[in-house]
Amino acid sequence: MPVTRSRRTLFGTAALTLALSALVLTETAYAAKPVGSGKGASSEQSGGGDGKGIYAAARIQYSGSVAKGGGRGNVTSTDVNWTPPPCWYAPYLGAKDFKKEMSKHIDSQLNAPGMGGTAGAALGEAKRHYEDGYGWTDTPGYKDYNVKDDGKGMFWAGVENPDEPDYLKRTSCTDLPFWVENGDAPPPQYEEAISPEILAALAYQHMQLPDTKVTLAPEANSKVNLPTWAWLDKAVFDEVQATAALNVPGFNIQATTTARPVSLKLEPGTEDAVTYPASGECVINADDSIGEPYAKGKADETPPCGIRYLRSSGDGTYKLRATITWDIDWTGTGGAGGDLPNGTFGNEQAVTVQEIQAVNR
């Protein structure tokens with residue numbers, strides 16, 4: 001008799017956690033750990049398996065302007081409520097490999113001393129689910145781990161985002177592994193199943209924006225009450241792209257996230273300064289540059305983008321912070337696409353400000 005979704009979630013979470021918590025994955029680069037391992041995992045995934053446990057079968061590959069080593073990039077979202085996906089469901093193992101590993105771990109847990117109660121019942125239902133066709137209202141069961149269809153699809157499982165600091169969020173993709181035929185979309189109830197949109201968010205998370213060092217004039221030392229011009233040349237500062245792709249038999253998707261600079265914000269590093277414009281935010285020009293290069297004869301003019309310091313920095317320097325705001329969108333497999341929150345990234349650079357020396361006549 002089918003059970004309700006709520007009962008499925010209760011038993012599924014306990015069974016998955018217990019059945020997979022015993023796995024010890026080889027710590028190869030970017031090896032993904034199934035949800036329930038409790039230690040996080042890289043969002044890049046290796047395929048295969050050995051005597052020490054299971055690997056996720058898929059590998060998310062990142063290319064373009066991304067952080068080295070699969071780490072988090074340097075983009076800060078301007079939307080404080082936006083976060084990358086804490087976890088997702090992805091292709092895991094074929095039917096025969098899944099049967100070998102999952103049945104071994106379920107049986108091991110069922111035979112463990114003291115196993116019983118709710119946890120034992122959950123594991124028993126998980127065993128019936130994969131071996132005897134025991135299903136739920138929105139999830140059919142499987143006969144013999146669906147081995148008859150080996151090669152025609154894969155079991156999918158939850159994968160943790162290693163860069164999600166909240167443990168409960170990172171381990172929230174707790175549904176039992178489910179079967180997806182090659183070429184088919186995952187069942188609609190799995191809203192966190194990997195998709196171009198999720199890949200776009202992961203590309204955003206891994207994107208590495210260039211350092212923001214503005215050109216200043218005067219270049220060496222600024223003078224009190226004289227304008228300092230600031231600009232970014234379009235040849236140095238252009239759009240940035242990061243791509244995330246997932247390719248397994250019967251399932252190939254990708255998404256490219258593109259960031260384009262739209263404005264430069266100057267923060268002088270002291271309250272004793274005036275910014276140009278007054279907001280400190282210099283918008284991008286028609287030729288994709290920001291600000292205007294200083295030219296001889298403009299010393300007394302007001303720069304379209306710059307700073308006027310009102311007090312000397314003394315024996316030290318002011319920490320000028322230059323932050324670029326980027327407009328970010330994405331495109332992906334099947335014509336999918338859309339906007340992502342604007343991103344920012346900035347750097348500090350030291351500015352020495354000196355008094356104008358008076359000349360005695």
Euclidean distance, R260 CZ relative to I328 CD1, rounded to 0.5 Å: 10.0 Å
Any side-chain heavy-atom pair of V180 and F251 under 4.5 Å: no
Side chain S172, main chain K169, donor-acceptor under 3.5 Å: yes
Heavy atoms from other residues, nucleotides or ligands near NZ of K100 exceed 12 (cutoff 6.0 Å): no
Considering all heavy atoms, the nearest P91-I194 contact: CD-CG2, 4.3 Å
Derivation of the side chain to side chain contact (heavy atoms under 4.5 Å, CB included) call for L266 and C305: CA-CA 9 Å; L266 298 176; C305 181; 3.9 Å; yes
Joint cluster assignment, I290 & W229, ILVMFWY side-chain distance < 4.5 Å: no
Side chains of T256 and T331, donor plus acceptor under 3.5 Å: no
Donor-acceptor pair, side chain of S65 and main chain of Q208, under 3.5 angstrom: yes
Non-hydrogen atoms of P227 and P218 that approach each other most closely: O-CD, 4.1 Å
Shortest non-hydrogen contact from G120 toward L110: O-CD2, 3.9 Å
Y62 side chain vs A67 backbone, donor-acceptor pair below 3.5 Å: no
Close side-chain approach of I324 and L209, heavy atoms under 4.5 Å: no
Among T78, V75, L340, V240, side-chain contact (heavy atoms from CB on, under 4.5 Å) partner for W326: V240
Minimal non-hydrogen separation, R72 against D163, with atom names: NH1-O, 3.3 Å
Check: Y92 ring centre within less than 6.0 Å of W156 ring centre: no
Interatomic distance, S263 atom OG to E281 atom CD [nearest 0.5 angstrom]: 4.0 Å
Side-chain touch V353/T270, heavy atoms, less than 4.5 angstrom: no
Verdict with reasoning, D329 to D339, per side chain to side chain contact (heavy atoms under 4.5 Å, CB included): CA-CA 4 Å; D329 59 26; D339 293 328; 3.7 Å; yes
Geometric class of the F178/Y190 ring pair [parallel <30°, tilted 30-60°, perpendicular >60°]: parallel
Backbone N/O of T323 and side chain of T212: donor-acceptor pair under 3.5 Å: no
Short side-chain donor-acceptor distance under 3.5 Å, Q241 and T258: yes
Flag side-chain contact, heavy atom, 4.5 Å: Y294 against L216: no
Parallel, tilted or perpendicular: rings of Y130 and Y142 (30°, 60°): parallel
Approximate separation, where rounding is to 0.5 Å, of K265 NZ and R321 CZ: 11.5 Å
Heavy-atom closest pair, residues Y204 and G343: OH-CA, 3.8 Å
Heavy-atom check, side chain of W330 versus side chain of L199, under 4.5 Å: no
Same apolar cluster (I L V M F W Y, side chains within < 4.5 Å links), V262/L264: no
Interatomic spacing from CH2 in W88 to CD1 in I198 - rounded to 0.5 Å: 8.5 Å
Residue among N146, D144, D150 satisfying side-chain hydrogen bond (donor to acceptor under 3.5 Å, both in side chains) with K99: D144
Heavy-atom side-chain proximity of D233 to S289 below 4.5 angstrom: no
Side chain proximity check, W231 to P303, heavy atoms < 4.5 angstrom: no
Pair D79-S77, side-chain donor/acceptor within less than 3.5 Å: no
Co-membership, hydrophobic cluster, residues V283 and I307, 4.5 Å side-chain: no
Backbone of P162 reached by a side-chain donor or acceptor of E160 within 3.5 Å: no
Rounded distance (nearest 0.5 Å) linking atom CD of Q61 with atom OG1 of T243: 11.5 Å
Main-chain N/O of T228 paired with Y276 side-chain donor or acceptor, under 3.5 Å: no
Side chain to side chain contact (heavy atoms under 4.5 Å, CB included) between V274 and L310, intermediate numbers included: CA-CA 8 Å; V274 175; L310 307 179; 4.2 Å; yes
L93 side chain reached by M102 side chain, heavy atoms, under 4.5 Å: no
Over 12 foreign heavy atoms within 6.0 Å of CD, E197: no
Over all atoms of both residues, closest heavy-atom pair of E292 and P304: CB-CG, 3.6 Å
Donor on one side chain, acceptor on other, Q205 and N161, under 3.5 Å: yes
CG on D184 to CD on E181, rounded to 0.5 Å: 6.0 Å
T333 side chain to Q254 backbone, donor-acceptor under 3.5 Å: yes
Check: N347 side chain, A322 main-chain N or O, donor-acceptor pair, under 3.5 Å: no
Donor-acceptor under 3.5 Å (Y309 side chain, P268 main chain): yes
N/O donor-acceptor pair under 3.5 Å between Y89 side chain and D175 backbone: yes
